[in-house]
Amino acid sequence: MADFKHLAVVKFRPDVNVGEILQGVQALVSRIDTVKSLEWGEDLEGSEMVRQGFTHVIAVTFRNKEDYDAYVRHPEHVKFSAVFAQALDKVVVLDFQGMSVEQKVKESELPMPS
């Protein structure tokens, strides 16, 4: 079964220390054992028209929906969510079952047998 993903695309308020918030996210997920992995990043390429003010993405991966549900109910998450919400100007959150597609190697790229 594919992993369960929690994705947040955010625009932080201008007065927020983004580094401190992201450190808080990293500390949070390191204390909750149902988290499989965390990825985050800042937009580097999007034009303002396309990104609509959103600047960062945070993706948390879980083995399954049950692990995600445990994360959401965890007291550390509940506490940090209040701090995180106050730091945001706007946010879009998507929770989904990941679907992976393996890239096929083109026949022309296969090594020739010797």
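Two residues are said to be in side-chain contact when any heavy atoms from C-beta on lie closer than 4.5 Å; Val25 and Leu38 meet this criterion. Using a 4.5 Å heavy-atom threshold, the side chains of Val9 and Val57 count as touching. Side-chain contact check for Leu22 versus Ile58: some heavy-atom pair is nearer than 4.5 Å.
Grouping the Ile, Leu, Val, Met, Phe, Trp and Tyr side chains by contacts below 4.5 angstrom, directly or via other members, places Val93 with Leu88. Cluster membership check: Tyr71 shares its hydrophobic cluster with Val83, using side-chain heavy-atom separations under 4.5 Å among Ile, Leu, Val, Met, Phe, Trp and Tyr.
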Item to check | Step-by-step side-chain contact (heavy atoms from CB on, under 4.5 Å) determination, Phe84 to Val10 | outcome: CA-CA 10 Å; Phe84 188 75; Val10 303; 4.1 Å; yes
Next on the checklist: side-chain contact (heavy atoms from CB on, under 4.5 Å), that's the test. Do Ile21 and Val16 meet it? Break it down for me.
Outcome noted: CA-CA 8 Å; Ile21 295 295; Val16 168; 3.7 Å; yes
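For Glu39, the CD atom counts as loosely surrounded, since its 6.0 Å shell holds 12 or fewer non-hydrogen atoms of other residues, nucleotides or ligands. Within 6.0 Å of NZ on Lys79 lie no more than 12 heavy atoms contributed by other residues, nucleotides or ligands.
Although no hydrogens or angles enter the test, the distance criterion places no donor-acceptor pair under 3.5 Å between the side chain of Glu76 and the main chain of Ile32.
Rounded to the nearest 0.5 angstrom, Leu44 CG and Thr55 OG1 are separated by 11.0 Å. In this structure, Leu7 CG and Leu94 CG are separated by 5.5 Å, a value rounded to the nearest 0.5 Å.
Lys90 forms a cation-pi arrangement with Phe54, by the criterion of a distance under 6.0 Å to the ring centre and an angle within 45° of the ring axis.
Legend: ring-ring contact (aromatic ring centres under 6.0 Å, His included) pairs involving residues 3-46, not counting sequence neighbours, sorted by first then second residue: Phe4-Tyr68, His6-Tyr68, Phe12-His56.
In this view, Ala27 and Arg31 satisfy the side chain to side chain contact (heavy atoms under 4.5 Å, CB included) rule, not counting sequence neighbours.
Val35 pairs in a side chain to side chain contact (heavy atoms under 4.5 Å, CB included) with only one of the listed residues (Asp67, Leu28, Val29, Thr61), which is Val29.
What you find for Gly98 and Ala2 is that their closest heavy atoms are O-CB, 2.5 Å.
In summary, Lys36 and Asp3 engage in a salt bridge, as defined by a charged side-chain N under 4.0 Å from a carboxylate O.
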